[in-house]
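Hydrogens, waters and symmetry mates are skipped; everything else that's a heavy atom, side chains included, is used. Fair warning: this is a prediction, and the values are worked out from it, not measured in the lab.
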Number of protein chains: 2
Amino acid sequence: MSTSDRLIESTRELLWERGYVGTSPKAILERAGAGQGSMYHHFKGKPELALAAIRRTAEEMRATAGAVLDGPGTPYERIRAYLTREREVLRGCPIGRLTMDPEVIASDELREPVDETIDWIRERLAHLVEEGQEQGQFAPGLDGEEIAATVVATVQGGYVLARASGSPAAFDAGVRGLLALLSPQSCSQS
Amino acid sequence: MSTSDRLIESTRELLWERGYVGTSPKAILERAGAGQGSMYHHFKGKPELALAAIRRTAEEMRATAGAVLDGPGTPYERIRAYLTREREVLRGCPIGRLTMDPEVIASDELREPVDETIDWIRERLAHLVEEGQEQGQFAPGLDGEEIAATVVATVQGGYVLARASGSPAAFDAGVRGLLALLSPQSCSQS
DNA sequence: GTCTATATTGCGATAGAC
DNA sequence: GTCTATCGCAATATAGAC
């Protein structure tokens, strides 16, 4: 792995653990085993390095989520697969947590990959809900975009509950509650 | 307002805007219009001041949420009132955002009021769901604790969606989706 | 109680040697 | 390309005058 790659990987880890304001160049360099000069040779500074790191994480997340959303099964099953896929719940969402960072939100450039990723997943889910409606799996009165927002929000909020309580249990409870509400068996189809 | 109060209020604002790692004593002092000496006279340091600020915010949030949850209406209406109460969505949740702060999560003392507050609201909601079930308003197969976790998670995640997109619309969409799924009219009661 | 002065450490970046 | 040295400034805290 090149020095540039090691810098990006270290930054990704630290952004996940500590966010943008909580991550210092020094910490990045120590973790990457590089000196100051390396970093400022490859990147103009902390914002540019963070942007590269965020973009890579966003790409990876799209691939991970996409694999489940495009996987086998009915629309409901694929939404369930998205909700229940393995996660390191107590570490939080490496993309979603960035929305709580004031400097990420203040920078359109840093916020963009975050927004794009979440929006991309939401659109996929909305499409799945509409597909499910065509198959009579979900109530026809539901709004696909709204249900998709609910699904993504439950995941993102699940991280909050889990980290508040120090246990992944609350995340799982929220997901089970949502799946119960979404369950094709629970509603009369008209 | 006393100097000590002004320090706490300034800290509350900054914790909301920037989180714990993003908030410096200097910024607090400037906002409070006080000098270093004042702060270190009233508090041992940043952690103790932050604890006082978080506790006050937690108390306020319990009062705000409690007023809606104990308000008038059926269980469904009160849950809807909680979900749709006025919020400064783009500012995020002053309590929930602290769960993304590494130093808050690392400190049991700082995390405690956060955990307590979220848990308190969740318990209230769970109770409301069970009440609604007794009245035949919600399907009897649902788990009150799980639905309550879903409700709180949707709110917390709604903030994430809104801040990612830079607009409160996504928060509202997620809430509307959840309300549609919860709606007594949408499900057959057995 | 509140102030200013000061100390120490780390942040974020630049310079220039190798 | 990578290193160390250095810079100017902010973070967090202490000391001691008033």
#### Entry: A/E48 CD to C/dG12 P, straight-line distance once rounded to whole Å
16 Å
### Query
In whole Å, what is the span from the CG atom of B/D5 to the P atom of C/dT2?
11 Å
### Summary
Per atom distances to the A/H42 side chain, the nearest of C/dG10, D/dG1, D/dT4 is D/dG1
### Query
Is any NZ, NE, NH1 or NH2 atom of the basic residue among A/D101 and B/R18 found under 4.0 Å from an Asp or Glu carboxylate oxygen of the other?
no
### Message
Can you see if the side chain of A/T3 gets near the phosphate of D/dT2 - specifically, an N or O under 4.0 Å from OP1 or OP2?
### Response
yes
### Message
At 4.0 Å (heavy atoms only), tell me whether B/T23 reaches a base, stays on the sugar-phosphate, or touches nothing.
### Response
sugar-phosphate
### Query
So does A/Y40 get a side-chain nitrogen or oxygen closer than 4.0 Å to the phosphate oxygens (OP1/OP2) of C/dA13?
yes
### Summary
Here the distance between atom P of C/dG12 and atom NZ of A/K44, to the nearest Å, is 18 Å
### Query
So, the side chain of A/Q133 versus the backbone of A/A139: is there a donor-acceptor pair under 3.5 Å, distance only?
yes
### Message
In whole Å, I'd like the distance from the CG atom of B/L7 to the P atom of D/dA13.
### Response
14 Å
### Euclidean distance, atom CD of residue A/Q36 to atom C1' of C/dG12 [Å, nearest integer]
8 Å
### Query
Taking only side-chain nitrogens and oxygens of A/S24, does any of them come within less than 4.0 Å of OP1 or OP2 of C/dC11?
yes
### Message
With a sphere of 6.0 Å drawn around NE2 of A/H127, does it hold more than 12 non-hydrogen atoms of other residues, nucleotides or ligands?
### Response
no
### Message
Rounded to whole Å, please give me the gap between NZ in B/K46 and C1' in C/dG10.
### Response
13 Å
### Message
Using modelled atom types and a 3.5 Å cut-off, is there a donor and acceptor pairing between side-chain atoms of A/E77 and backbone atoms of A/T74?
### Response
yes
### Message
So, OP1 or OP2 of D/dC3: does either fall under 4.0 Å of a side-chain N or O from A/H41?
### Response
no
### Task
Answer yes when B/R6 and B/E9 have at least one side-chain N-carboxylate O distance shorter than 4.0 Å, and no when they do not.
no
### Task
Using a heavy-atom cut-off of under 4.0 Å over every strand shown, decide if B/G45 touches base, sugar-phosphate, or nothing.
sugar-phosphate
## Note on the structure
Rounded to whole Å, the NZ-C1' distance (A/K26 to D/dA10) equals 15 Å
### Query
Rounded to whole angstroms, how far apart are CZ on B/F43 and C1' on C/dG1?
13 Å
